[in-house]
Number of protein chains: 2
Amino acid sequence: MIPSHLRQNPLFQGLTGCDLTLLLGYAHEKTTKRATAFFHAGDTADRCFLLLEGHVKLSQTTPSGAQGAARLIGAGDIFGWAGVMGQARYPGTAESLAACRALAWDTGRMRQTLLATPRLTLTLLTLMGARLREAESRVLDLATARVDQRLARTLLRQSSAAALPLTRQDLAELCGTTLYTVSRTLRRWEQAGWLRLGRGSLRVLSRPALAALAEPPDAS
Amino acid sequence: MIPSHLRQNPLFQGLTGCDLTLLLGYAHEKTTKRATAFFHAGDTADRCFLLLEGHVKLSQTTPSGAQGAARLIGAGDIFGWAGVMGQARYPGTAESLAACRALAWDTGRMRQTLLATPRLTLTLLTLMGARLREAESRVLDLATARVDQRLARTLLRQSSAAALPLTRQDLAELCGTTLYTVSRTLRRWEQAGWLRLGRGSLRVLSRPALAALAEPPDAS
DNA sequence: CGGTTAGTTGACGCTCTTCAACGAATGTGG
DNA sequence: CCACATTCGTTGAAGAGCGTCAACTAACCG
């Protein structure tokens, strides 16, 4: 009943079989097609998710709605836990970039489960800590690095998951710039032979070249 | 023995007196003068802190060490919990901006306490969630707003805590820019009569003026 | 096969960083 | 108490980097 690969998810590490059964007992399975929202910014945060298959884009927009910032969620990652962490509403929007399969729990019941399962809470704290550090390193990046460095890093990080349907707009939100600058930069790199571009697809041909750009130029 | 204002700290909400006594039982009290480091980036993350009095600057620098990003910690806030959340080393440096008094716990014992005190773990998760959201909204800010908007927001957020000894460099790190731009911008605002500047001090005279700047210009 | 979405590219110029030089405040040791 | 070093702050000039606007082309979709 419980697939073994699920058992190995970081979220479940250290749990007893009993805890795990309880937890999965009230999980709903949710599947979506491409370009479907799990939730929107401002919705009541009454669900939390574990992504089993597919890719999800988490994005925030300014009040004026002009631009946004995004991060990607892959298989095995959790998302939408704002409610569990005491927020009434989701701060951002979650949208599937591909067909997805996810587990969903009710926020209130999850909070109760956490009180009864300290091990799970501590794991969750660790996962959130990792995410916090990631966000803070992104702040540092935005404040110090140039667009092409950030874009190179983003590509290197994501290029393993082959062929995500990322538009120029998506990439711009991932690395904090505009779709125009992304388009120009990618084109330049394609002409240098480091990438192969397509509509909503992208293959990295030379990781070393991008890695060299990602690092600040060594003055040595 | 346990001061009542301490009891009301968000970190301790919902704990039994017994839990609280246990927790405070192995806390060390640490006091520092101005400009003293609690820990440096890369140190073994073996302590976690609750700030009782004073102000602390948490800062990260790039590998090349050129610039940095910072956030401020005030009385009642926690900091240095990277170890509790599973990191071996501190990702940043914590330095006192004023004379400080803080409680310090051993990371390993705290993790054990968390396993025995789910209520505390859940509270911690909530606090970390708030910090995560703050970091993510900062990412959005850096990606979309201009320097003067970010600076205005930073001043509005911090101006209640009167007269922090923040240098131009500190302010620059808080809002992701250079000390030169901060200096110029503050000067401009002082000449407009919105601020009173001093060496390492700063008073906001017109919050409305700053608030107007903080919002993106309404095209309506 | 029209309508829509995604991508490209040029031109323009604003914002902000960078470098350099100087002035003012603070702390320190004789 | 004063000369000194040090830290902090200011300001000008120059131009790199990147956002913005506009116009156009190419791919996708029912």
Side-chain angles (χ1 to χ4, degrees), chain A residues 33-35 57 62 64-69 95 97 140-152 154 163-192 195-203 213 216-217 219, chain B residues 33-35 57 62 64-69 95 97 140-152 154 163-192 195-203 213 216-217 219:
Chain A
K33 311 204 307 183
R34 213 195 66 114
K57 182 179 76 164
T62 61
S64 55
Q67 313 190 3
E95 181 196 343
L97 291 172
L140 184 60
D141 233 43
L142 280 166
T144 61
R146 283 190 326 238
V147 167
D148 52 2
Q149 294 168 348
R150 301 201 301 264
L151 185 54
T154 303
L164 295 190
L166 291 178
T167 65
R168 302 290 179 268
Q169 175 69 43
D170 291 332
L171 276 171
E173 291 180 357
L174 283 175
C175 68
T177 181
T178 64
L179 71 98
Y180 308 106
T181 302
V182 170
S183 178
R184 274 184 252 268
T185 307
L186 290 185
R187 213 81 225 302
R188 198 150 35 83
W189 291 348
E190 184 186 40
Q191 275 156 23
L195 306 174
R196 182 98 224 156
L197 295 182
R199 187 186 168 97
S201 78
L202 182 156
R203 195 149 27 110
L213 266 181
Chain B
K33 310 204 309 183
R34 212 194 66 114
K57 182 178 75 163
T62 59
S64 57
Q67 313 190 4
E95 181 196 344
L97 290 173
L140 184 60
D141 234 43
L142 280 166
T144 62
R146 282 190 328 230
V147 167
D148 53 0
Q149 294 169 347
R150 301 201 300 264
L151 185 54
T154 303
L164 295 190
L166 291 178
T167 65
R168 303 289 180 268
Q169 174 69 42
D170 291 332
L171 277 172
E173 291 180 356
L174 283 175
C175 69
T177 180
T178 64
L179 70 97
Y180 308 106
T181 303
V182 170
S183 178
R184 274 184 252 267
T185 308
L186 291 184
R187 214 80 224 300
R188 196 151 35 85
W189 290 349
E190 184 185 40
Q191 276 157 21
L195 305 174
R196 182 96 224 156
L197 295 182
R199 187 188 170 95
S201 78
L202 181 155
R203 195 151 25 114
L213 265 181

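Numbered from 1 within each chain, the chains take letters A, B, ... in sequence-line order.
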Kindly say if [X] contacts the phosphate of [N], meaning a side-chain N or O under 4.0 Å from OP1 or OP2.
X	N	value
A/R187	C/dT9	yes
A/T181	D/dG19	yes
B/T167	D/dC8	no
A/T177	D/dG19	yes

Donor-acceptor pair present, B/R184 side chain and D/dG12 base, under 3.5 Å: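 Such a pair exists between side chain and base.
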Categorize B/R168 for me: base, sugar-phosphate, or nothing, with a 4.0 angstrom heavy-atom threshold over every strand shown.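 The residue B/R168 makes sugar-phosphate contact but no base contact.
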Nearest-Å distance for atom pair [atom1]/[atom2], residues [X] and [N]:
X	N	atom1	atom2	result
A/L166	C/dG7	CG	C1'	15 Å
B/Y180	D/dA13	OH	P	17 Å
A/L142	D/dG17	CG	C1'	15 Å
A/L202	C/dT8	CG	P	10 Å

Look only at the side chain of B/S183 and the backbone of B/L179, and say whether a donor-acceptor pair between them is shorter than 3.5 Å. no
Assert: residue with more 5' nearest nucleotide on DNA chain D, out of B/A143 and B/R34, is B/R34
For A/D148 and for A/R199, locate the closest nucleotide of DNA chain D by heavy-atom distance; then report the residue assigned to the nucleotide nearer the 5' terminus. A/D148
